[in-house]
Amino acid sequence: MFTGSVAMPLFAFNVGIEAGQITVLTLALLLLTGVDRVMERTVPTRGLMLRAVATSLIAAGCAAVMAFQRAPW
């Protein structure tokens with residue numbers, strides 16, 4: 001059916017990419033759930049806020065690095 005075409009390799013590549021994304025998101029969910037549980041024990045009233053701020057700072061740092069790498073200078 002797909003003999004000699006690029007459809008099957010392209011489909012397999014896309015499935016691999018999606019499987020990788022699902023794996024990364026699952027690991028991130030497990031990690032953040034663990035962090036939430038630890039924060040609830042140590043800082044019960046501010047744990048979620050601290051995680052949100054820390055996650056935002058990490059994302060901002062990654063964005064700043066990427067912006068600096070693509071800067072025209």
| task | Examine L31 and V24 and state if one hydrophobic cluster contains both, with Ile, Leu, Val, Met, Phe, Trp and Tyr joined whenever side-chain heavy atoms are less than 4.5 Å apart. | result | no

| query | T23: what forms a side chain to side chain contact (heavy atoms under 4.5 Å, CB included) with it, not counting sequence neighbours? | reply | L27

| field | Transitive ILVMFWY cluster of F13, excluding itself - 4.5 Å side-chain cut-off | value | I17

| The single option from L29, V35, L30 passing side chain to side chain contact (heavy atoms under 4.5 Å, CB included) against T33 | L29

